Amino acid sequence: MDETEFWEIIDASRADAEGDPEEQADLLVERLTRLDPDSVLDYARHFEARYNRAYLWDLWGATAVLFDGAGDETFDSFRCWLIGQGREIYEGAVHDPDALAELLDDFDLEIDGDGEEIGFAADEAYEALTGAETPDLGIPMPGGEPLGAPFDLDDDAVLAARFPRLWERFGAS
């Protein structure tokens, strides 16, 4: 599976789920179980590489603006959801997290941003196909700290200054 095929699976599942991340996760599992186990592992490698690439202080800060705070679990789930939004939004956010102010047409805290199940879709599909857990993908985990310069994720003034467009649209009142 190449990168284009990976994003085609993401895009098709997102379109069919009409923006519902839980439904998208179910559709991903359904689509992935139509593939052979090696292709599912290829998909998982693509997903994991993008998940790790998004381990950035600035993206974590943008997540904190969107959610009025973001701990480890929220940030992990958000990165999965972000991948589920497709290549354009993912790449735009990784390149310039403040651009999420323009990239996200609608953002509903009730359903958006929670992509934990999207992150487990390949594992579920692989287990359904083989009866075994997903083996080690050979993708190195990021170091202990996100890439970039650390800053206080709980400081509204810092967040407003670092992410002015995002803060204007989604920041705390």
Side-chain angles (χ1 to χ4, degrees), residues 1-63 66 70 72-107 111-130 132-148 163 166:
M1 173 178 301
D2 65 18
E3 185 175 10
T4 299
E5 292 169 309
F6 168 79
W7 286 117
E8 286 171 353
I9 291 170
I10 294 288
D11 290 342
S13 66
R14 185 185 69 257
D16 290 349
E18 298 177 354
D20 181 332
E22 289 182 19
E23 178 68 17
Q24 183 178 6
D26 292 342
L27 291 169
L28 281 168
V29 172
E30 181 182 308
R31 280 175 167 68
L32 292 171
T33 55
R34 293 185 210 147
L35 304 174
D36 62 88
D38 287 337
S39 295
V40 174
L41 292 177
D42 286 344
Y43 170 93
R45 285 184 194 95
H46 281 287
F47 192 96
E48 191 71 19
R50 278 144 195 85
Y51 179 79
N52 292 347
R53 183 175 165 223
Y55 194 55
L56 306 166
W57 273 109
D58 280 345
L59 193 55
W60 200 340
T63 306
L66 288 167
D72 293 348
E73 288 181 22
T74 300
F75 184 47
D76 291 348
S77 181
F78 180 79
R79 289 185 291 153
C80 293
W81 178 85
L82 186 63
I83 295 165
Q85 297 310 292
R87 187 178 205 166
E88 180 181 342
I89 291 175
Y90 171 82
E91 292 291 344
V94 168
H95 176 72
D96 176 12
D98 197 32
L100 283 167
E102 291 84 31
L103 292 169
L104 299 178
D105 291 332
D106 297 312
F107 188 80
I111 59 169
D112 291 328
D114 184 3
E116 182 178 19
E117 295 303 317
I118 292 171
F120 290 120
D123 294 332
E124 288 183 39
Y126 187 83
E127 188 169 339
L129 288 169
T130 66
E133 289 186 11
T134 305
D136 180 33
L137 299 172
I139 306 276
M141 297 292 292
E145 289 287 316
L147 291 178
F163 311 102
L166 203 57

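Bear in mind that the values here come from a model prediction, so they are computed numbers and not experimental data.
Screening Leu166, Ile89, Asp112 for a side-chain contact (heavy atoms from CB on, under 4.5 Å) with Leu104, the sole residue that qualifies is Ile89. Paired with Phe47 under the rule side-chain contact (heavy atoms from CB on, under 4.5 Å), one option of Ile118, Asp42, Leu28 passes, and it is Ile118. Partner of Phe75 under the ring-ring contact (aromatic ring centres under 6.0 Å, His included) criterion, chosen from Trp57, Trp60, Trp81: Trp60.
With a 6.0 Å radius and a threshold of 12 heavy atoms from other residues, nucleotides or ligands, Glu22 has its CD atom at or below the threshold. Shown here is Glu102, whose CD atom has more than 12 heavy atoms of other residues, nucleotides or ligands within 6.0 Å.
In this structure a side-chain-to-backbone donor-acceptor pair under 3.5 Å is missing from Gln85 to Leu82.
Annotation for Ala99 and Gly92: closest pair CB-O, 4.3 Å, computed over non-hydrogen atoms. The two atoms that bring Leu137 and Arg45 nearest to each other are O-NE, 3.2 Å, heavy atoms only. The minimum heavy-atom distance linking Leu129 with Leu32 is given by the pair CD1-O, 3.9 Å.
Cation-pi contact between Arg31 and Tyr43: absent, since separation from the ring centre below 6.0 Å together with deviation from the ring axis within 45° is not met.
Under the 30°/60° scheme for interplanar angles, the aromatic rings of Trp7 and Tyr90 are found to be tilted.
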Review point. After noting the C-alpha distance and the side-chain angles of Glu91 and Arg50, does the key distance pass the salt bridge (charged side-chain N to carboxylate O under 4.0 Å, His left out) rule?
Key: CA-CA 9 Å; Glu91 292 291 344; Arg50 278 144 195 85; 5.3 Å; no

